[in-house]
Each structure stands twice: as structure tokens, then as C-alpha cells.
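Just so you know, ligand 1 is whichever comes first in the structure, and atom 1 is the first atom listed for that ligand.
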Amino acid sequence: MPFTYDDSNIFARILRGEIPCDRVAENDHALAFRDIAPKVPVHVLVIPKGNYVSFDDFAANAGEGEIAGFMRLCAEVCAAEGVGLEQGQGFRVISNAGAHGVQEVPHFHLHIMGGAVMGPMIGARG
Ligand code: 5GP
């Protein structure tokens with residue numbers, strides 16, 4: 001997967017309103033919506049509105065306002081979905097990046113997953 005942003009990806013199309021999503025929360029810098037194929041009862045994707053390919057791209061190149069807005073929206077999602085430690089029993093956050101991370105959609109996103117015991121950390125394949 002190249003480290004250049006391709007704005008034909010599915011999450012860019014969601015941000016442009018070309019395809020629908022089940023929106024959970026939004027602010028000036030980020031959007032949260034339900035994963036179309038949830039792996040656990042709570043499975044929300046949080047994406048920045050800016051064009052970043054992966055976690056490392058976002059962490060290196062996003063502005064402070066974008067990073068703060070993105071992280072605050074993650075906290076809002078955890079609370080609203082009842083999985084934050086003040087409300088619930090916890091959650092797992094995953095970010096897949098590139099070929100070894102098995103990233104399908106090349107627009108940076110966090111998976112916020114909860115509502116069930118996650119089990120052990122995932123082992124590497126091969
Ligand atoms: P990745 O492997 O890139 O971290 O995960 C991409 C995630 O996006 C997958 O969990 C997949 O189910 C989800 N996804 C793919 N296409 C769509 C879509 O059109 N809408 C929504 N809401 N989720 C999608």
C-alpha cells in the first residue's frame with residue numbers, strides 16, 4: 001500500500017457524503033460511524049476528516065487541533081457507547097496499517113471495539 005493518499009477509498013466517499021454511514025458522533029476534525037461488519041457488539045470506526053493514510057501518517061503530519069479533535073471524539077464514542085471505564089467494562093482500540101497490519105481501507109481509522117471480552121492479543125500469521 002503506498003504512503004500517498006488516494007481519495008477514491010470508501011471512507012473518503014463516506015466523508016464526501018457519496019455513500020451513507022451509521023453515524024455515531026462527529027466534530028470539526030473527525031467522524032465516528034459503525035463498522036458495516038461488526039466483530040463485537042460495539043464496533044465503531046473513528047476517522048479524521050483530513051487525508052491521512054495510516055496511524056503513523058496521522059501522528060506525524062496532522063495538526064495539533066486535528067489530533068486533539070480526533071482523540072476527543074474517540075473519548076466521546078467510548079462514553080456514548082457505554083464502554084469507557086467510567087461507564088462500562090472496557091474496550092480495545094485497533095489500528096491496522098499497511099500490508100503487515102492487513103489494512104483494507106487506506107484512510108486512517110481506529111476501531112473502537114467493546115461489549116464483549118476481547119480475548120488475547122492476536123498472533124502474527126506465518
Ligand atoms: P481495516 O482492515 O482497514 O482496518 O478495516 C476496515 C474496516 O472497514 C473493516 O472492519 C470493514 O468492515 C469496514 N468497512 C469497509 N467498508 C465499509 C463501509 O462501506 N462502511 C462501513 N461502515 N464500514 C466499512
Side-chain angles (χ1 to χ4, degrees):
M1 184 177 295
F3 202 67
T4 50
Y5 188 81
D6 174 1
D7 72 0
S8 66
N9 75 77
I10 200 90
F11 294 169
R13 297 185 63 202
I14 286 174
L15 282 170
R16 290 196 295 268
E18 293 169 6
I19 58 170
C21 70
D22 185 356
R23 185 175 159 283
V24 173
E26 183 170 6
N27 65 22
D28 287 347
H29 297 294
L31 172 68
F33 53 94
R34 296 190 195 287
D35 195 293
I36 202 166
K39 308 286 189 295
V40 284
V42 173
H43 189 168
V44 176
L45 303 172
V46 185
I47 68 174
K49 291 186 176 177
N51 295 347
Y52 302 99
V53 175
S54 57
F55 174 83
D56 51 337
D57 183 16
F58 182 73
N61 298 312
E64 290 178 11
E66 289 178 288
I67 293 172
F70 180 87
M71 296 302 281
R72 295 285 191 252
L73 197 71
C74 291
E76 202 179 302
V77 168
C78 291
E81 294 295 305
V83 298
L85 294 189
E86 287 199 14
Q87 305 83 18
Q89 309 243 41
F91 56 92
R92 180 169 288 168
V93 173
I94 294 175
S95 182
N96 299 317
H100 281 190
V102 196
Q103 180 180 7
E104 289 172 28
V105 181
H107 180 113
F108 168 52
H109 51 283
L110 292 185
H111 298 252
I112 296 179
M113 307 175 82
V117 177
M118 294 296 125
M121 292 285 281
I122 297 158
R125 253 190 252 149

Evaluate whether atom CD of Glu18 has more than 12 neighbouring non-hydrogen atoms of other residues, nucleotides or ligands under 6.0 angstrom away.
yes
I'd like the residue list for ligand 1, meaning every protein residue with a non-hydrogen atom under 4.0 Å from the ligand.
Ile10, Phe11, Ile14, Phe33, Arg34, Asp35, Ile36, Ala37, Leu45, Asn96, Val102, Gln103, Glu104, Val105, His109, His111
Indicate, with yes or no, if the rings of His107 and Tyr52 have centres closer together than 6.0 Å.
no
Can you tell me if CZ on Arg72 sees more than 12 non-hydrogen neighbours from other groups inside 6.0 Å?
no
Connected to Val40, directly or through other members, by ILVMFWY side-chain contacts below 4.5 Å are Ile94, Met113, Met118
Might you work through the salt bridge (charged side-chain N to carboxylate O under 4.0 Å, His left out) test for Lys49 and Glu26, ending with a clear yes or no?
CA-CA 10 Å; Lys49 291 186 176 177; Glu26 183 170 6; 2.7 Å; yes
Could you label the plane-to-plane angle of the Phe70 and Phe108 rings as parallel, tilted or perpendicular, counting under 30° as parallel and over 60° as perpendicular?
tilted
